[in-house]
Amino acid sequence: MEIKSLKKINDFLWELPPLGEMRVPGLIFASQKLVEEMDEKVREQVTNVACLPGIVHASIAMPDAHWGYGFPIGGVAAFDAEEGGIISAGGVGFDISCGVRTLTTGLTRDEIVPSLERLIDKIFQVVPAGVGSEGKIRLTPAQIDDVLAGGAKWAVDKGYGFPEDLGYIEEGGYVTWADPKQVSDLAKKRQFREVGTLGSGNHYLEIQHVFEIYDAEAAEALGIKKDDILIAIHCGSRALGHQIGTDYLVTLAQASKKYNIPIRERELVCAPINSPEGKRYFGAVGAGINCALANRQVISHLTREAAYEIIPQAKLEMLFDVSHNTCKVEEHVVDGKKLRLYVHRKGSTRAFGPGRPEIPSRFRSIGQPVFIGGTMGTCSFILVGTEFGTEQAFGSACHGAGRSMSRKRATKTWRGDTVIKDLSAKGIIIRTRSYRGVAEEAPGAYKDVVEVVNAAHQAGLAKKVAMVKPLACVKG
DNA sequence: ATGTAC
């Protein structure tokens, strides 16, 4: 991106002044280097989003922003229904409520190393992973509606996990406004056998060790210490979320015409929040969110069973579960006014600062935990949200390293088996059913997660608490 | 991301 097209606010904040049809400015939170490396398309998309009806404060891009479908991936935008605000599938993404859940294990690195290979093999055996992977759970149409209405609470009620898990999931494990009736039969049918499966692409289950602590007070509040073993689960709403996106792209294209909303890019189609189409899509998004939360809950249960079989003294407990492809209603203060807003976060994780009532009471004074997943070979980060981020970015932070190379080019550059060998030489075990998937997800196909996270930290969006490194990983 | 190009 041409740096001279931007107004520098400070070293980690760049503004696109509100010109032409833009209703609000664009704000890009990133270092100069990351901004320069960003595709021009990000500027274009941030601008397009800034032109949408009812947007408030700013059209925002995170340090890991890259070109996406309508909205940039790493984009945040909030809309006021009372001011004609819209809801857009391009602002949520296809993998609705894709996110990261992290479990503590009560084990240290030394305790797990002798059993590591057996543990990852067991997890690989019991957690279905890969394209089209199916779980043991078979659901009927009525039962899938229960999943879509109940989320992780449905899973706990069915015996997958414990009621106390729910307090450490956003929204207590399920959103109440989910409306399974707004999800097509096809979307439901595609999910009948996929509840509790990891999926493919950048989804993974990783055994990690805490490598470095940056903020001792926050780490203590989160209950993590150097050398602790954590398990991170990154997955979303599988085929169901994808099908909701596909279905509503058609609905919202028609709605954009019906309500005369000027669309600057075809993928930015949307409907007024208060229109029947907008309400239907929002209800479907809620169902997608609950589907993803149920998935991660079932996978956690399978992981617990595997871990207890291999290492009986392990104790897998919820640290937190945070989604990074959502649209949710939240209260925010904009220009001194309290507003109820529809916040779109696409490839952007919620990162509420201290004091927000949505944060579990145990963490409320330090801010919401945020998980930033790196790549197979690199590290991941645990952060907490800040007041500044809550005021300036609706309480949002980046979600990962962000791709720097297309999947196609990655498969031409690397071979899956050599990537696995290289990682093995670094002491990282990979289990997968797809060498091609591993090539697509080669560490070299991603931006430097350290730089992205440092930018988020220095921009003030979230505060670094710990860095974790992978020991073993099941790739979808 | 995705029954990896209905």
Side-chain angles (χ1 to χ4, degrees), chain A residues 64-75 88-101 128-135 137-139 144 183-205 233-250 267 284-285 287-289 291-293 295-296 299 322-327 344-349 373 375-376 398-412 414-416 432-442 445-446 474-476:
Chain A
D64 54 342
H66 52 288
W67 174 79
Y69 202 88
F71 282 52
I73 297 163
S88 173
V92 177
F94 274 72
D95 190 5
I96 297 169
S97 205
C98 181
V100 179
R101 164 183 297 208
V131 174
S133 53
E134 298 182 352
I137 299 174
R138 293 288 183 273
L139 299 170
I144 193 92
V183 177
S184 70
D185 289 342
L186 176 59
K188 291 173 185 174
K189 192 175 160 214
R190 289 181 65 179
Q191 194 64 20
F192 285 162
R193 294 162 180 264
E194 292 194 350
V195 172
T197 65
L198 201 57
S200 63
N202 65 359
H203 291 164
Y204 59 77
L205 185 154
I233 297 164
H234 177 203
C235 73
S237 50
R238 306 283 283 110
L240 181 127
H242 195 269
Q243 190 62 46
I244 290 172
T246 305
D247 292 340
Y248 276 92
L249 226 43
V250 178
E267 289 88 357
V285 167
I289 289 174
C291 175
L293 297 179
N295 268 349
R296 292 199 283 274
I299 292 170
V322 62
S323 298
H324 50 232
N325 279 351
T326 57
C327 178
H344 295 63
R345 293 189 185 85
K346 182 200 200 175
S348 166
T349 168
T375 69
M376 288 176 282
C398 55
H399 83 305
R403 290 198 81 88
S404 60
M405 189 187 284
S406 71
R407 291 179 188 280
K408 196 170 179 180
R409 205 172 136 218
T411 56
K412 286 184 178 168
W414 291 282
R415 283 175 49 127
T432 183
R433 291 181 179 86
S434 168
Y435 282 156
R436 180 178 152 182
V438 170
E440 286 180 355
E441 296 298 317
Y446 280 83
V474 171
K475 281 303 290 179

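In what follows, every chain begins at residue 1, and chains take the letters A, B, ... in the order their sequences are listed. Predicted model, so just to flag it, every value in this text is computed and none were measured.
Under the rule for a ring-ring contact (aromatic ring centres under 6.0 Å, His included), the partners of His242(A) that lie at least two apart in sequence or sit in another chain are Phe94(A). The salt bridge (charged side-chain N to carboxylate O under 4.0 Å, His left out) check on Arg436(A) picks up Glu440(A), with sequence neighbours excluded. The salt bridge (charged side-chain N to carboxylate O under 4.0 Å, His left out) search around Glu194(A) returns Arg238(A), not counting sequence neighbours. Under the side chain to side chain contact (heavy atoms under 4.5 Å, CB included) criterion, Ala89(A) pairs with Leu249(A), Leu252(A), Tyr281(A), sequence neighbours left out. Considering only residues two or more places apart in sequence or on other chains, His234(A) meets the ring-ring contact (aromatic ring centres under 6.0 Å, His included) condition with His203(A), Tyr204(A), His324(A).
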Please list, for nucleotides 3-6 of chain B, all pairs of protein and nucleotide N/O atoms separated by less than 3.5 Å.
| residue | atom | partner | partner atom | Å |
| --- | --- | --- | --- | --- |
| dG3(B) | OP1 | Arg190(A) | NH2 | 2.0 |
| dG3(B) | OP2 | Glu194(A) | OE1 | 3.3 |
| dG3(B) | OP2 | Glu194(A) | OE2 | 3.2 |

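Nucleotide dT2(B) holds its P atom 17 Å from the CG atom of Leu249(A), rounded to whole Å.
Heavy atoms of Gly199(A) sit under 4.0 angstrom from primed sugar atoms or phosphate atoms, though from no base atom. The residue Thr246(A) sits apart from the nucleic acid: no heavy atom pair falls under 4.0 Å.
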